[in-house]
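Position 1 is the first residue of the sequence; numbering continues from there.
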Amino acid sequence: PNVVREIGTSTLLEKLPLNNIYGKNQSSLANLAVTDVVDTELLDIVSTVCVVNNINSVKHEGRGKWGLVIHPYGTKTLRSDSLYQDAQIHAAAAKGIFSRAIGQWGDLFILEHNGIDSAKDYGTLSVASDQITIGTASPGTTNTDTRMNLLIGANAVARANGLNEYMEGRKEDDYGNIVGYAAGLIYGDRRADYQIDDSTGSTFKNQSSICVYSYSPPVASNFTAIWS
């Protein structure tokens with residue numbers, strides 16, 4: 001979450017806006033409607049926004065591609081789209097319909113992950129000293145029905161290693177009869193924003209990721225969770 005929200009450029013954390021797409025043509029999270037589901041129309045909007053706004057792409061077989069990570073609830077609505085179903089069949093990729101493989105659409109690699117969070121409007125960050133407060137808007141649907149899908153392009157995240165990988169031996173007091181090993185690594189991740197070459201040197205722009213909000217309600221209300 002710290003990678004998505006902001007980066008710090010000085011002793012005070014400075015708010016940096018995240019690129020947001022609210023449904024298919026909404027102005028804010030609060031206006032998200034039940035029609036703003038993940039389907040081919042939303043995918044077309046996302047891929048067009050990437051091209052128009054020069055979101056850095058990853059080169060794959062000579063073409064620029066982006067990855068869109070969606071929640072499984074979004075997968076369900078996408079697979080219900082007749083245009084998507086027809087495209088998968090005519091592309092001889094019908095096997096993706098019967099697995100968790102999602103496919104491609106409009107130069108987007110569609111990926112699925114259940115770690116996609118319910119919606120929080122990161123445009124409502126407030127920062128004071130080193131304290132970050134995240135305000136959650138009240139969308140037209142409840143937060144549990146609204147998902148925060150993530151579009152990622154090239155160089156979206158930077159990683160710095162404070163200490164490279166190492167192996168650590170471990171001994172217990174059971175007369176040396178228990179010996180174990182552990183792997184260690186110290187690192188940090190940060191969203192890779194670009195510093196604009198202007199007179200101030202303090203203007204930053206994110207050209208590698210977009211938060212794509214969608215209406216993606218749970219598929220079952222009578223499910224008893226195994227893991228809490």
From the list T77, N149, T146, side chain to side chain contact (heavy atoms under 4.5 Å, CB included) partner of S214 resolves to N149

Salt bridge between D36 and K24, side-chain N to carboxylate O under 4.0 Å? no

Can you hop from I21 to V51 via hydrophobic side chains spaced under 4.5 Å? yes

Is it true that V49 and L78 fall in one hydrophobic cluster, defined by side-chain heavy atoms closer than 4.5 Å? yes

Could you report the tightest heavy-atom contact between A154 and S208, atom names first, then the distance? O-OG, 2.9 Å

Tell me whether the rings of Y22 and Y213 are parallel (<30°), tilted (30 to 60°) or perpendicular (>60°). parallel

Find the distance between CD (Q104) and CD1 (I110) and round it off to the nearest 0.5 Å. 8.5 Å

Can you see which heavy atom on S118 is nearest to which on R147, and at what distance? N-NH1, 3.7 Å

Pick one: which of L150, L42, V38 meets side chain to side chain contact (heavy atoms under 4.5 Å, CB included) with V212? L42

The test is side chain to side chain contact (heavy atoms under 4.5 Å, CB included); show your working for S47 and D107 and say whether it passes. CA-CA 7 Å; S47 61; D107 287 332; 5.5 Å; no

dist L111:CG -> L151:CG (nearest 0.5 Å) comes out at 10.5 Å

Do I55 and I45 share a hydrophobic cluster, counting only Ile, Leu, Val, Met, Phe, Trp and Tyr and linking them when any side-chain heavy atoms are less than 4.5 Å apart? yes

Which heavy-atom pair separates L32 from G23 by the least distance, and what is that distance? CD1-N, 3.3 Å

How about I116 and I70: do any of their side-chain heavy atoms sit closer than 4.5 Å? no

Heavy atoms of I210 and C50 approach each other most closely as CD1-SG, 4.2 Å

Check: Y73 and P217 side chains under 4.5 Å, non-hydrogen atoms: no

So CG of D145 and OH of Y215: to nearest 0.5 Å the spacing works out to 4.5 Å

More than 12 heavy atoms of other residues, nucleotides or ligands under 6.0 Å from CG of N53: yes or no? yes

OH-CZ distance between Y187 and R159, expressed to the nearest 0.5 angstrom: 5.0 Å

Looking only at non-hydrogen atoms, find the nearest pair between V69 and H113 and report the distance. CG1-CB, 3.7 Å

State the CG-CE distance between D117 and M148, to the nearest 0.5 angstrom. 4.5 Å

Return the OG to CD1 distance between S209 and I152, rounded to the nearest 0.5 Å. 9.0 Å

Mind checking who shares a hydrophobic cluster with Y166, ILVMFWY linked at side-chain heavy-atom distances under 4.5 Å? L163, I186

Could you check whether W105 and D44, counting side-chain N and O atoms only, form a donor-acceptor pair closer than 3.5 Å? yes

